[in-house]
Amino acid sequence: MKNSQSRLIARYTEGLSAGTLQWIGLRPQHKAEMLNVGQVKAIANHGLEGDHRCQKTPGSARQVSLIAQEHVEVIASLLGREQIDPSLLRRNLVVSGINLYALRHQRFRIGEAEFEATAQCHPCSRMEQALGKGAVAAMLGHGGLCAKIIKDGVIRLGDRVEKL
């Protein structure tokens, strides 16, 4: 059963416009460089095939991390940059055209896979190393969401991101 916050969000997000998957990144090992891929299999209850989180605790609420392209642009602006390579943000998926925070505690689909957004993905101190002084402050409120995978499926660049 959904909690009251989930029900309230669901009530006001009916008809939420669909977005688009813009970027997919995997980390084969903890602290490894991100690998940019065109498609990946999402494995229910585990994570993205080839990502180190897929080997961790089954059922984790942090199987996948997502960030909005629009927020990547805000972060870049706050840091005085033209743009930021998504791999530096260490999120698995970059999406555009949809309010990620409206998906919190909701189920959504990307390509063939289904997800449930769990918690906000707060920036860690590694962002200061990757992006420079002030990066954590720039990312506050713009760090994206974590999600768990509910249904297996392949996701590809350009796939629709839509609330279920």
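Computed over heavy atoms, backbone and side chain alike; hydrogens, waters and symmetry mates excluded.
By the criterion of side-chain heavy atoms lying less than 4.5 angstrom apart, applied directly or through intervening Ile, Leu, Val, Met, Phe, Trp or Tyr residues, M127 is grouped together with V94 in one hydrophobic cluster. With hydrophobic clusters built from ILVMFWY side chains whose heavy atoms lie under 4.5 angstrom apart, V74 does not share a cluster with L145. Hydrophobic clustering (ILVMFWY, side-chain heavy atoms < 4.5 Å, transitive): V37 and V161 are in one cluster. By the criterion of side-chain heavy atoms lying less than 4.5 angstrom apart, applied directly or through intervening Ile, Leu, Val, Met, Phe, Trp or Tyr residues, L89 is not grouped with L48; the two fall into different hydrophobic clusters. L66 and V72 are not part of a single hydrophobic cluster, where members link through side-chain heavy atoms under 4.5 Å apart.
Annotation: side chain of I43 is not in contact with side chain of I149 (no heavy-atom distance under 4.5 Å). Using a 4.5 Å heavy-atom cutoff, the side chains of H122 and V136 are not in contact. Side chains of E112 and K41 form no contact here, defined as non-hydrogen atoms less than 4.5 Å apart. Taking 4.5 Å as the limit, every side-chain heavy atom of N36 sits out of range of all side-chain heavy atoms of S87. Counting heavy atoms from C-beta outward, L131 and R81 have side chains that approach closer than 4.5 Å. Side-chain atoms of L103 and N99, non-hydrogen and from C-beta on, never get closer than 4.5 Å to each other.
Rounding to the nearest 0.5 Å places CD of E162 at 5.5 Å from CZ of R109. Between the CE atom in M139 and the SG atom in C124 there is a gap of 8.0 Å [rounded to 0.5 Å].
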Item to check | Intermediate values then yes/no, side-chain contact (heavy atoms from CB on, under 4.5 Å), R126 and K31 | outcome: CA-CA 10 Å; R126 296 200 66 218; K31 295 187 179 181; 3.7 Å; yes

Checklist entry - After noting the C-alpha distance and the side-chain angles of I67 and I75, does the key distance pass the side-chain contact (heavy atoms from CB on, under 4.5 Å) rule? => result CA-CA 11 Å; I67 192 167; I75 295 164; 4.1 Å; yes

Next on the checklist: Applying side-chain contact (heavy atoms from CB on, under 4.5 Å) to Q39 and I155, what does each step give before you reach the verdict?
Outcome noted: CA-CA 6 Å; Q39 69 177 37; I155 62 174; over 6 Å; no

Checklist entry - Between E128 and K133, is a side-chain contact (heavy atoms from CB on, under 4.5 Å) present by the stated rule, with each step listed? => result CA-CA 5 Å; E128 297 276 320; K133 188 168 176 63; 4.1 Å; yes

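Residues C146 and A61 approach most closely at CB-O, 3.6 Å, considering heavy atoms. In terms of heavy-atom proximity, I24 sits nearest to G38 at CD1-O, 3.7 Å. Between A42 and A113 the shortest heavy-atom distance is CB-CB, 3.7 Å.
Between the side chain of N92 and the backbone N or O of L26 there is no donor-acceptor pair closer than 3.5 Å. Of the possible donor and acceptor atoms, none in the side chain of T20 sits under 3.5 Å from a partner among the backbone N and O of S96. Within the 3.5 Å criterion, the main-chain N or O of E70 finds no donor-acceptor partner in the side chain of E73. Not a single donor-acceptor pair under 3.5 Å links the side chain of E116 to the backbone N or O of K148. At distances below 3.5 Å, not a single donor-acceptor pair connects side-chain atoms of E49 with backbone N or O atoms of V40. A donor-acceptor contact shorter than 3.5 Å is absent between the side chain of E114 and the backbone of K151. At least one donor-acceptor pair closer than 3.5 Å links the side chain of R91 to the backbone N or O of G143.
Classified by interplanar angle (parallel below 30°, tilted 30° to 60°, perpendicular above 60°), the ring pair F115/F108 is parallel.
Within 6.0 Å of CD in E33 there are 12 or fewer heavy atoms belonging to other residues, nucleotides or ligands.
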